[in-house]
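Remember, it's 1-based here, ligands and their atoms both numbered in the order they're listed. These values consider heavy atoms only, across backbone and side chains, with no hydrogens, waters or symmetry-generated copies.
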Amino acid sequence: MKSKHAMTLKHYLQFNDLTADEYAYLFERAALIKKKFKAYEKHHPLVDRTLAMIFEKASTRTRVSFEAGMYQLGGSVVHLTTGDSQLGRAEPIEDSAKVISRMTDLVMIRTYEQSKIERFAANSRVPVINGLTNEYHPCQILADIFTYIEHRGSIAGKTVAWVGDGNNMANTWLQAASLLGFKVHVSTPRGYEVDEKLAAGARGISAGCYQFFSNPLDACQGADLVTTDVWTSMGYEAENEERRLAFADWCVDTEMMAAAKPDALFMHCLPAHRGEEVEADVIDGPQSVVWDEAENRMHVQKALMEYLLLGRIA
Ligand code: CP
Ligand code: NVA
């Protein structure tokens, strides 16, 4: 860290790392930052700050939203991948963290095991942000809830239907539900259930925020938001064929949307595969807010980066 008066070090490795009160602040701040962006008004709180972005998996949205977002905040970025850095040549993650965090002010990592990002953070002098691990995708859920609030108001007391894999997105929805007071109806094929203990993290999840349904149509019944994700997440490609068979009935279609509330929204973190986890009529239909959802990654992450580096701005 460069400043003697640096803030207490705060990482964002999973959704549970912030409190409900901090989320309320971030959603308000993201709305303001978005408004300024739309009005071409300069917002440069992070001049002279550098974000290091480390990608061990592919990305479109996360890369563009963090990179464009950091420049818009007045800062700059360094982009590293496994293939073009010593990370891919077995330099210990602890050593990489010590070096990278002496030269930059903030680090975003997309990688495999959550334990890798935790080891990085434990050796970092600067805040570390999870840009997706096998276990969690907190920046995406931050954007999804912000998008829900923009369209429908508070998510507290509402029901989110998760149709598909019990993956990093599903785990993060569970943490968010427990923290922000809404309910998640989860439907996965047998063998792909959410690992509740893993999803909960150290903080645990409150009783009643999560219910399992073996039939995806039942999970969508009365939901305020229906959401899904790819059948095969990055890193699991070897299971592609068996997953295509197992997930065949977990395609969000117009019947599932009709079972949800009439004003229910549809979300997907993207990239999507039309005809697999979602029908084209749904993702390209009137209830879908996937493009707002994607754009909002940038606005919420700008609020997050500002918060981790500067704290609350009155
Ligand atoms: N939703 C999301 O994280 O997209 P990318 O994989 O393109 O970053
Ligand atoms: N669950 C997906 C999300 C992609 C943004 C994956 O991990 O590949």
Ignoring hydrogens, just give me the one of N134, D229, T60 whose non-hydrogen atom is nearest atom 1 (N) of ligand 2.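 Among N134, D229, T60, the closest heavy atom to atom 1 (N) of ligand 2 comes from D229.
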
I'd like to know whether the aromatic ring centres of [X] and [Y] sit less than 6.0 Å apart in this structure.
{"X": "Y307", "Y": "Y25", "result": "yes"}
{"X": "F55", "Y": "H79", "result": "yes"}
{"X": "H299", "Y": "F37", "result": "yes"}

Show the atoms of ligand 2 that are less than 4.0 angstrom away from any heavy atom in L270.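 Under 4.0 Å from L270, ligand 2 has these atoms: 5 (C).
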
Looking at N167, which atoms of ligand 2 are within less than 4.0 Å of one of its heavy atoms?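 Counting atoms of ligand 2 from 1, those under 4.0 Å from N167 are 1 (N).
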
Please round to the nearest 0.5 Å and tell me the distance separating atom [atom1] of [X] and atom [atom2] of [Y].
{"X": "L9", "Y": "S124", "atom1": "CG", "atom2": "OG", "value": "6.5 Å"}
{"X": "N130", "Y": "Q114", "atom1": "CG", "atom2": "CD", "value": "5.0 Å"}
{"X": "E22", "Y": "K10", "atom1": "CD", "atom2": "NZ", "value": "4.0 Å"}
{"X": "F15", "Y": "I145", "atom1": "CZ", "atom2": "CD1", "value": "4.0 Å"}

For atom 7 (O) of ligand 2, what is the closest protein heavy atom, and at what distance to 0.1 Å?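 Nearest protein contact, heavy atoms only, for atom 7 (O) of ligand 2 is N168 ND2, 2.8 Å.
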
For atom 8 (O) of ligand 2, which protein heavy atom lies nearest, and how many Å away is it?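 Protein heavy atom at minimum distance: M234 N, 2.8 Å.
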
Taking only heavy atoms of the protein into account, state which residues are under 4.0 angstrom from an atom of ligand 1, in chain and number order.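 Answer by chain and number: S59, T60, R61, T62, R110, H137, Q140, C269, L270, R297.
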
W250 and T228: side chain donor to acceptor below 3.5 Å: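 Side chains of W250 and T228: no pair found under 3.5 Å.
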
Cation-pi check for Y210 against K183: NZ or CZ below 6.0 Å from the six-membered ring centre and within 45 degrees of the axis, yes or no?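 No - K183 does not lie over the ring of Y210 by the 6.0 Å and 45° rule.
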
Under-4.0 Å heavy-atom contact with ligand 2, by part of L132 that carries it: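 Looking at L132 and ligand 2, just side chain atoms fall under 4.0 Å.
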
Tell me whether S233 has any N or O atom under 3.5 angstrom from an N or O of ligand 2.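 N/O-N/O distance below 3.5 Å exists for this pair.
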
